[in-house]
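Let me begin by presenting the structure, written as structure tokens, before commenting on it.
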Amino acid sequence: MATPKPRVKVPKKASAGEIITIKTLISHDMESGQRKGKDGNVIPRQIINKFTCEFNGMKVFECDLDPAVAANPYFEFNAKVPESGTFKFTWVDDDGSIYTDEQKIAVN
Amino acid sequence: MMTRRRLLAGTATLTAMAGVAILARPAWATVEATEAAIGAFTGGKTPEPGRITLTAPEIAENGNSVPVTVEVDSPMTEGDYVASVTILADGNPNPEVATFHFTPLSGTAAATTRIRLAKTQNVVAIAKMSDGSTFSDRKEVKVTIGGCGG
């Protein structure tokens, strides 16, 4: 599998205290551990099991994923923006890999 | 109730569906397993109806990717917010689908994701508030092509 590529959509600007919508997508097979390969053996489970979103180090949104989340996990959620800062997104893979992305937002 | 007939019918459909979609584990999540998962999430309490809205399509053409949205009515302040929302599916190999954790910084307790559904079944969403109260909503989703293989 190619290295998972995160894609995140955060508005560039917001007014103080505004609630914005964030959309995230990461390319990942989310192998459920339920399927069998051509050789008849079960393909081992490999999914992203945790997703977090932080704003200036404070937790905004978190999700625990189970194999029933579709491939290329997509999330849409909201965040309240008190000040200018950076959103940090983290995806944790079953194999221990961590994929991250950061997006800045300016409050005017 | 999961009867033997329904189990066999479900398995036959799944096997026919993709040819290669043979389940690694024959045990399906049943209504009982889902109830157990609800109990584990709420701490044994029975969730009340209301305050939470689960939005899912009535008919999903492809069970590999079914969009679901949960929204919970809450002021989302430091003292009163939605702590977590879990999504369960009673006809999948395992009932657990995903659990969202919110904070007052989330602004509103709403989230959308895409899930896998192996067959026509009930999808249940349960919200746990910061004060420990729980609310639930459920929707039946008809699945034309199951999402167990792929």
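Every chain is numbered from 1, with letters handed out A, B, ... down the list of sequences.
Annotation for B:Glu61: atom CD does not count as buried by contact number, only 12 or fewer foreign heavy atoms lying within 6.0 Å. Atom NZ of A:Lys50 has more than 12 neighbouring heavy atoms from other residues, nucleotides or ligands inside a 6.0 Å radius.
Note: the hydrophobic cluster containing B:Ile126 does not contain A:Phe61 (ILVMFWY, side chain heavy atoms under 4.5 Å, direct or indirect links). B:Met129 and B:Leu88 are members of different hydrophobic clusters when ILVMFWY side chains are connected at heavy-atom separations under 4.5 Å. In terms of hydrophobic clustering, with Ile, Leu, Val, Met, Phe, Trp and Tyr side chains grouped at heavy-atom distances under 4.5 Å, A:Leu65 and A:Tyr99 are assigned to a common cluster. Linking Ile, Leu, Val, Met, Phe, Trp and Tyr residues whenever their side-chain heavy atoms come within less than 4.5 Å leaves A:Phe89 and A:Val92 in two separate clusters. Following chains of ILVMFWY side-chain contacts shorter than 4.5 Å, one can reach A:Ile48 starting from A:Ile22, so the two form part of one hydrophobic cluster.
Between A:Val69 and B:Thr113, some side-chain heavy-atom pair lies under the 4.5 Å cut-off. Looking at heavy atoms from C-beta onward, A:Phe77 lies out of side-chain contact with B:Phe100 at the 4.5 angstrom threshold. Side-chain contact between B:Met76 and A:Lys80: absent, with no pair of heavy atoms (C-beta onward) separated by less than 4.5 Å.
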Pair B:Arg114-A:Asn72, side-chain contact (heavy atoms from CB on, under 4.5 Å): steps then yes or no: CA-CA 9 Å; B:Arg114 295 173 187 151; A:Asn72 305 327; 6.0 Å; no
Before you tell me yes or no, could you show the steps for A:Cys63 and B:His101 under side-chain contact (heavy atoms from CB on, under 4.5 Å), namely the whole-Å CA-CA distance, both residues' side-chain angles and the distance that decides it to 0.1 Å? CA-CA 6 Å; A:Cys63 182; B:His101 302 284; over 6 Å; no
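In this structure, the portion of A:Leu25 lying under 4.5 Å from any heavy atom of chain B is its side chain and not its backbone. Only the backbone of A:Pro67 comes within contact range of chain B, with at least one heavy atom under 4.5 Å from a heavy atom of that chain. The part of B:Pro104 that comes within reach of chain A is its backbone (N, CA, C, O), which places non-hydrogen atoms under 4.5 angstrom from that chain.
The OG1 atom of B:Thr99 sits 6.5 Å away from the CG atom of A:Asp66 when rounded to the nearest 0.5 Å. Once rounded to the nearest 0.5 Å, the distance linking CZ of A:Phe55 with CG of B:Leu105 reads 8.0 Å. Remark: A:Met30 CE to B:Ser65 OG distance equals 11.5 Å, nearest 0.5 Å.
A donor-acceptor pair under 3.5 Å links the side-chain atoms of B:Thr103 to the main chain of A:Val60, judged by distance alone.
In summary, the side chains of B:Thr108 and A:Asn78 do present a donor paired with an acceptor at a separation below 3.5 Å, with no hydrogens or angles considered.
Here the shortest heavy-atom pairing between B:Arg116 and A:Asp29 reads NH2-O, 3.2 Å. In plain terms, the two heavy atoms of A:Ala68 and B:Glu96 that are nearest each other are CB-O, 3.9 Å.
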